[in-house]
Every structure is written in C-alpha cells, then in structure tokens.
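Worth saying up front: this structure is predicted, and the values here are computed from it rather than measured. In this chain, residues are counted from 1 in sequence order.
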Amino acid sequence: MPDEVTKKVVNVLLPWTAELIPYRGRKLRTVHVCEGIGAELRTPAAHEARVAFRLSSGRSRRENHPSDGGVQILHCDDALWWPFSPFTDDVRRQIHRPSFQPDRNNGIDDEGLLRHLADGAWDLLGLRSFQGIDPFEDLVPYAELPIVRVWEKDNKKEMIALAQKRVADLLIWGGMAFVRAGEPVYVDPHDEFPGHSIANVGVDRTVDPTAKGLPFDVGGFRDAQRSFMRGRFRRADSKPAGGASARNVIEVFTRDAIRLDRAAVRLDAIYRAADRAIASGEDADWAEIRCLFAEVSARDPQELATSADRFDALVRFCRFAADREDLPEEMREIHRSFLSFETSEDASALGSALLAEEDDAALAGLGGSLS
C-alpha cells in the first residue's frame, strides 16, 4: 500500500436540512441550515505526486503550444486526478481550447478552491443541489436558528459524511486544484461525440458516480458510456488509429498508472445503464428484476464478487427482456450490448465459472431467441 500523502484540514460550508416546529409555531417547517465544518484535503508535496498523462488536441500541437499547455492528469496516492473547475464539468472542452493554460480560466487555483469551499458560493461539492436547495439565501446560519419547540428530524450527519467524502476526492498540487477520476482512454469518435475521443473510465465501480462521488462528468465519463458498453475504447498507450481519433492525443508519462480492466469497464457500463433504466420505470412486470438490481447495487463495489453479482443480474435481465415484444429501445440496446459482451474476449476474463449452471445455459440460449 502506498504511503498516505500530506493532508490538511480545510473549512467547508455545510448545508443541511431540518424539519422543526418553532417555539411559538404550530406547523412543521423545513429549514435549510448552514454551518462551517472541517474536512481533510489532500495537499501532496511536489515529490508525492507526478504527471501521469497529458491530453492535447491537434490544434494545440499544430500551433506549437508549450508542453504545459495540455490537460495534465496526476498520479498520487494510488489514484488519478484530473484538473478541477467550477465552470465546466467536462475536461474534453478544455482540450479543444488552443489558449488553454493550467493557471487561467479553465481551472481553479488553490486559493480559489479553499475560498469557495468555505463560502459555498459555487457549491463546488454539489451539497446544496443534492438536496434541491437552490438560492444561497435559503440557508440559515446555524447560530441564527430560532428557538425550537419540536425538532422532528434532520440530515446533518449524512451531509457531513458526504461533504467529507467529496472533499477527499479533491487535491491541491502545484497551486492548482484536481479531482479524482478514472483512467483516460480513447473512445470511438463515431459512436457518440465526433472529435471528442478521450474519456475517463470512471473513478470506481459505483452504479451512480454522481451520488457517491463528485457530481461532475470529468473527461466525458457519462458521455462515453455507450462506447464502453460496446467495447469501443482503447488504452491510453495504444497508438491512435488516425483520422478523428488522432485529433486528441494521450501522452503517457507513468506507464504503471495504466491498469485498465476492459471486462470490468464494459460490464459496469452495461450494468449501470440497466440499473438506471429499470429504476426509472414503473412497469409492475419488472418489479422482481427491479428488486434484484437494487439489492446487487447496494453491495460493496470493491468486492471481488462484484463482477459475478452484476453478471448474474444482467443474465436475469436478458432472460426477461428476451420475452418482451414491447422492450423500449434503451433496454434493447442494453440487451444487445450484454449479449455481445458475453461472447467477447473481454467476458472471458471474468470466467464463466462465476455463473450457476442454469444461468449459463439460459444465457447461451438467448442468442437464438432474438433471431
């Protein structure tokens, strides 16, 4: 295990919600409260982090921008860190700006990050938006709360835990702010966003990264999901195939930071899409499958059994979906992607022994049922 890097406690403005009855009132009121708390922020020394990748565009290379003009991705504390900005949630847009510089308007420096965490002005951690609190003026300082007759409930503990988790996903290095994200990869530019051929594979295996991590689509993570589902992505150290894929280039400086597990990336992308599609539906026929996905999604994403659990859930999904003539196109695409994945070389890395015999046999028969 790597040594833990330097950290310091920083001030964070915490918004939370309480339901109460004021001392002279009778009706239950919802009050949005704010107060300052401390949270640990990574502040590694120069030698505790290093540049692992640099992303650059064809335009910036043609115009001979200096070597530090690209998007730098750090390797620190056994994780990868992408530039963080309150003004954009997608680093791909920065790659296409020929005037991009790490110390200009495309990012946020250390002083700006600390200031905005403390005053909550930009809601950098998504704590207000997570609770549906829109205007900053709705927040009442904790010290100014009225005398309360009945305190019904509040979510203070949950919001403290979330704030500390999200601050832990930030880092300051070289005077700039970074956010924890996934490995950069090339994705098929013809699949979703022509010319936008760099994405990150996701910071971990959570079903909904915006719920358990920072609510930002750093490096086109969400936009690239269909490419991940279809297996249309390549490692950062693979040679660009030319054409549109060569417009953006990933320079690799730390080769041991590349740990791409194609099977897990593809399976997780398909599972994530299925989980969202099922959860958003109201069809009673899907109730059993919906409960299954809810159960599997609640399991520890870091466990080795995660792949087997998700594979089994997708087998059940496909078995049910194959018998539906009214399957929505979104689910039909998930269905096709999983069948394609199951017969790919990627799936062989997971091992069919993870499946029960009856599930394995059921999956083998699905291809014929779709013809």
Side-chain angles (χ1 to χ4, degrees), residues 7-43 81 84-89 107-172 176-181 203-204 206-218 222 276 279-280 294 297-298 300-301:
K7 297 180 181 179
K8 74 173 183 178
V9 176
V10 298
N11 296 320
V12 177
L13 187 70
L14 177 77
W16 49 282
T17 303
E19 291 186 1
L20 53 86
I21 298 178
Y23 180 68
R24 295 185 180 277
R26 294 183 179 181
K27 294 183 179 180
L28 191 68
R29 290 178 52 192
T30 298
V31 179
H32 300 305
V33 186
C34 66
E35 64 175 305
I37 64 166
E40 284 191 338
L41 173 71
R42 285 176 171 85
T43 54
W81 306 81
F84 175 70
S85 169
F87 311 109
T88 176
D89 57 5
I108 183 171
D109 61 19
D110 51 358
E111 293 183 2
L113 176 66
L114 297 180
R115 183 173 63 253
H116 292 318
L117 286 176
D119 64 24
W122 287 99
D123 193 24
L124 295 187
L125 305 181
L127 300 176
R128 294 206 318 270
S129 57
F130 182 80
Q131 302 173 87
I133 303 172
D134 197 13
F136 184 82
E137 292 74 17
D138 286 351
L139 301 176
V140 177
Y142 182 71
E144 298 178 12
L145 272 178
I147 299 177
V148 177
R149 182 162 63 90
V150 176
W151 192 282
E152 189 70 19
K153 61 180 179 179
D154 64 71
N155 66 349
K156 181 177 179 178
K157 289 184 179 180
E158 292 82 355
M159 295 311 299
I160 289 177
L162 183 59
Q164 292 174 338
K165 166 64 173 65
R166 291 188 172 180
V167 171
D169 282 337
L170 294 174
L171 172 149
I172 287 177
M176 297 300 297
F178 294 82
V179 58
R180 194 166 69 99
V203 68
D204 56 31
T206 56
V207 174
D208 186 356
T210 62
K212 297 189 178 181
L214 282 170
F216 299 102
D217 183 13
V218 179
R222 184 178 303 164
R276 287 175 174 166
S280 62
S297 300
D300 186 352

Q: Find out whether Leu170 and Phe84 are in side-chain contact, i.e. whether some heavy atom of one side chain is under 4.5 Å from a heavy atom of the other.
A: yes
Q: Compare every heavy atom of Asp123 with every heavy atom of Ser129, then report the nearest pair and how far apart it is.
A: N-OD2, 3.1 Å
Q: Measuring from atom CD of Glu19 to atom CG of Asp154, what distance do you get when rounded to the nearest 0.5 angstrom?
A: 9.5 Å
Q: So which atom in Ile108 and which in Ser85 form the shortest heavy-atom distance, rounded to 0.1 Å?
A: CG2-CA, 4.2 Å
Q: Give me the atom names and distance for the closest heavy-atom approach of Arg180 to Asp204.
A: NH2-OD2, 4.2 Å
Q: If you measure from CG on Asn11 to CG on Leu114, what distance do you get to the nearest 0.5 Å?
A: 9.0 Å
Q: Looking at every heavy atom in both Leu13 and Asp119, which two are closest together, and how far apart are they?
A: CD2-O, 3.3 Å
Q: Quick check: closest heavy atoms across Arg276 and Pro209, and the distance to 0.1 Å?
A: NH2-CD, 3.8 Å
Q: List the steps, then state whether side-chain contact (heavy atoms from CB on, under 4.5 Å) holds for Leu145 with Val33.
A: CA-CA 8 Å; Leu145 272 178; Val33 186; 4.0 Å; yes
Q: Can I get a per-line list of side-chain donor-acceptor pairs under 3.5 Å for residues 132-143, giving both atom names and the distance, sequence neighbours left out?
A:
none

Q: Hey, does Arg115 have a side-chain heavy atom less than 4.5 Å from the side chain of Trp122?
A: no
Q: Do Leu20 and Leu28 come close enough that some side-chain heavy atom pair is under 4.5 Å?
A: no
Q: Which distance, rounded to the nearest 0.5 Å, do you find between the CZ of Phe178 and the CD1 of Ile172?
A: 10.5 Å
Q: Verify the neighbour count for atom CZ of Arg149: are there more than 12 heavy atoms of other residues, nucleotides or ligands below 6.0 Å?
A: yes
Q: First locate atom CG of Leu41, then atom CG of Asp110, and finally report the distance between them rounded to the nearest 0.5 Å.
A: 10.0 Å
Q: Checking the side chain of Arg42 only, and the main-chain atoms of Lys7 only, is there a donor and an acceptor separated by less than 3.5 Å?
A: no
Q: Only pairs under 3.5 Å count here: list side-chain donor-acceptor contacts from residues 155-165, not counting sequence neighbours, and write none if there are none.
A:
{"from": "Asn155", "atom 1": "OD1", "to": "Thr17", "atom 2": "N", "distance (Å)": "2.8"}
{"from": "Asn155", "atom 1": "ND2", "to": "Gln131", "atom 2": "OE1", "distance (Å)": "2.8"}
{"from": "Lys156", "atom 1": "NZ", "to": "Glu35", "atom 2": "OE2", "distance (Å)": "2.8"}
{"from": "Lys165", "atom 1": "NZ", "to": "Asp169", "atom 2": "OD2", "distance (Å)": "2.6"}
{"from": "Lys165", "atom 1": "NZ", "to": "Lys212", "atom 2": "O", "distance (Å)": "3.1"}

Q: With Arg222 as the cation and Phe216 as the aromatic partner, state whether NZ or CZ is under 6.0 Å from the six-membered ring centre and within 45° of the axis.
A: no
Q: How are the rings of Trp16 and Trp151 set relative to one another: parallel (under 30°), tilted (30 to 60°) or perpendicular (over 60°)?
A: tilted
Q: Using every non-hydrogen atom in the two residues, find where Val148 and Ile21 come nearest and quote the distance to one decimal.
A: CG1-O, 3.6 Å
